[in-house]
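Below is one structure, written out as structure tokens; comments come after it.
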Amino acid sequence: MTSTAHCSAVLGVVHSVAHVQQTRHPRHPNRGVLVHTLLKGLGLVQDGAVMEVADRDLAEAEEAIEEFHDPGYVGALKRASEVRESDDESSGDVQGKGMVDDNDEDIDSDDDEACDLEDLLDRRLPTLTRPNAQYGLVDDCRPFRNVYSYASHVAAGSMLAARRLADRTYLRAAHWEGGRHHAGQSQASGFCYVADVVLAVQELLHSFKRVLVIDVDVHHGDGTQEAFYRSDRVFTLSFHMDGPGVFPSDGAGCFTKRGARAGMGHNLNFPLHPGCTDELYHYAFSRVAMGVRAVFDPEVVVVVCGGDVLCGDPVGELNVSLPCMLQCLGYVRDWNLPTLLLGGGGYDDGLTSRYWAAATAMMGVTPGEVEGECVTERCRRAATGEHPPTGADPFDTHAFPVLSSDAVRRLGTRHLSRMPSTIPPDSIPDATYRKFYPYSFAPPLPALPPAPHANTLEHIQCLVHVSLEALLRVEGRDRRARGA
């Protein structure tokens with residue numbers, strides 16, 4: 001097990017004014033500025049804990065982008081970077097940024113005579129068809145000026161942080177401009193132009209045998225899942241919102257997606273319904289994440305910390321508080337493994353920046369400090385303005401009575417199936433429940449209660465129970481493959 005004794009420092013952060021400027025995303029151009037202002041103002045970034053992206057890092061990132069991403073997509077991204085500055089500014093709001101014609105004029109929607117539909121289509125259609133649409137460079141991924149440079153800097157930051165974990169410079173590393181988990185090999189998606197999570201994991205695989213990716217963004221990390229769906233060296237675990245109309249809507253984040261070929265059993269999705277509360281989220285995370293850690297036995301962890309998971313985000317619809325998310329991240333910290341923290345979504349700049357600042361404060365401590373008063377104070381200052389859950393102190397480590405990571409480690413994998421459960425052993429799942437969770441085992445599914453409401457503890461207990469059963473079924477194969 002890696003410990004701080006082998007590392008030069010506990011936490012390093014990719015942090016520089018130039019990098020923040022180069023990674024400004026048009027959907028949230030000021031978020032990075034707020035994040036790094038908080039980090040510096042609260043004293044969370046020290047001189048010895050700063051990573052700056054150099055020209056060599058940028059060159060290596062561009063090389064990795066060209067190796068992983070489809071050549072046609074990379075070419076389209078480079079061509080899209082040539083959007084003229086005047087066009088970029090005249091495109092208005094974020095989703096309207098793109099390549100427009102020189103003769104494009106403002107159209108008054110109230111004036112029918114001024115709005116010639118045929119003329120409008122003639123001017124706009126090129127941005128809705130090839131080559132842009134072929135590579136996803138439309139709608140929420142419309143091209144903007146210097147988009148390829150932006151993508152390269154995002155990838156460079158995540159890969160740099162990964163390398164500093166590999167060479168034991170830091171025990172934990174954070175790159176809050178990263179976490180673009182929707183981008184595919186040949187297309188952009190969901191405000192993501194580069195698969196920096198994938199590139200960072202590939203960098204880690206040069207030095208570590210097994211990588212665990214935990215994605216707690218409110219949206220499913222479909223791009224990351226797709227990249228490692230057939231790998232047994234990467235376990236992808238995602239807690240995300242699911243439901244009608246929730247992005248991405250291709251079904252990739254459903255519970256039954258378990259991996260393929262060598263990677264069978266190395267992908268676990270935990271879909272949550274809108275309105276999921278602290279109690280339910282924490283119950284699911286504490287048991288499933290620790291179960292995955294015990295079974296997969298990772299050497300390094302990557303966490304995608306999308307801020308849109310928080311209550312108050314204008315896009316996400318979960319009812320999860322900042323203290324609850326810090327509690328969940330605290331379990332990962334207590335594993336004392338090399339950990340890469342990446343950003344992701346988050347559409348309330350203030351809320352997301354407080355979340356990431358508080359996470360930086362909590363992760364930047366030594367194991368001996370974990371229960372110390374100094375850590376409590378750092379987190380409290382970073383999270384100023386957030387309301388604690390009713391009847392609970394958000395900085396009380398005992399606010400949620402669950403097994404600690406040490407307790408799970410002592411219990412061992414073979415005892416996970418004996419964890420207490422309120423599921424009636426004689427319950428028989430009905431057709432409705434099997435329709436929504438048609439996961440098949442051999443032997444059959446464990447007993448489940450009939451079609452509980454989506455946001456009840458009973459429902460979450462069912463999914464946790466089935467998830468742990470699934471993990472136990474791949475344990476023997478993994479142990480044999482590792483010669484254990």
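In what follows, every heavy atom counts, from backbone to side chain, and hydrogens, waters and symmetry copies are set aside.
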In a table with atom names and distances, give each donor-acceptor pair under 3.5 Å that connects a side chain of residues 159-166 to protein atoms at least two apart or in another chain.
from	atom 1	to	atom 2	distance (Å)
Arg163	NH1	Glu60	OE1	3.1
Arg163	NH2	Asp57	OD1	3.0
Arg163	NH2	Glu60	OE1	3.4
Arg164	NH1	Asp167	OD2	3.1

* To do: Kindly say whether the aromatic ring centers of His282 and Tyr331 come within a distance under 6.0 Å.
  => yes
* To do: Apply side chain to side chain contact (heavy atoms under 4.5 Å, CB included) to Asn319 and list each qualifying residue two or more places apart in sequence or on a separate chain.
  => Thr277, Cys311
* Could you pull out all residues at least two apart from Ser231 that satisfy side chain to side chain contact (heavy atoms under 4.5 Å, CB included)? => Phe228, Arg233, Val234
Report, one line per pair, each donor and acceptor closer than 3.5 Å where one atom sits in a side chain of residues 183-193; sequence neighbours left out.
from	atom 1	to	atom 2	distance (Å)
Gln185	NE2	Phe68	O	2.9
Tyr193	OH	Arg142	O	2.7

* Hey, what's the ring geometry for His25 with Phe144, parallel, tilted or perpendicular (30° and 60° as the breaks)? -> tilted
* Asked: How are the rings of His182 and Phe247 set relative to one another: parallel (under 30°), tilted (30 to 60°) or perpendicular (over 60°)?
  -> perpendicular
* Structure fact -> For Phe270, the ring pair (Phe, Tyr, Trp, His ring centres under 6.0 Å) test, sequence neighbours excluded, returns Phe239
* Asked: Atom CG in Leu341, atom CE in Met363: separation rounded to 0.5 Å?
  -> 5.0 Å
* Structure fact -> Rounded to the nearest 0.5 Å, the CD atom of Glu52 sits from the NE2 atom of His15 at a distance of 8.0 Å
* Contact list for residues 64-77, test salt bridge (charged side-chain N to carboxylate O under 4.0 Å, His left out), sequence neighbours left out -> Glu66-Lys78
* To do: Would you please say whether a donor-acceptor pair under 3.5 Å links the side chains of Glu177 and His36?
  => yes
* Asked: Stepwise, does the side chain to side chain contact (heavy atoms under 4.5 Å, CB included) test hold for Tyr347 with Arg27?
  -> CA-CA 8 Å; Tyr347 305 96; Arg27 178 62 179 84; 3.7 Å; yes
* Asked: With a 4.5 Å limit on heavy-atom distance, are the side chains of Phe296 and His266 in contact?
  -> yes
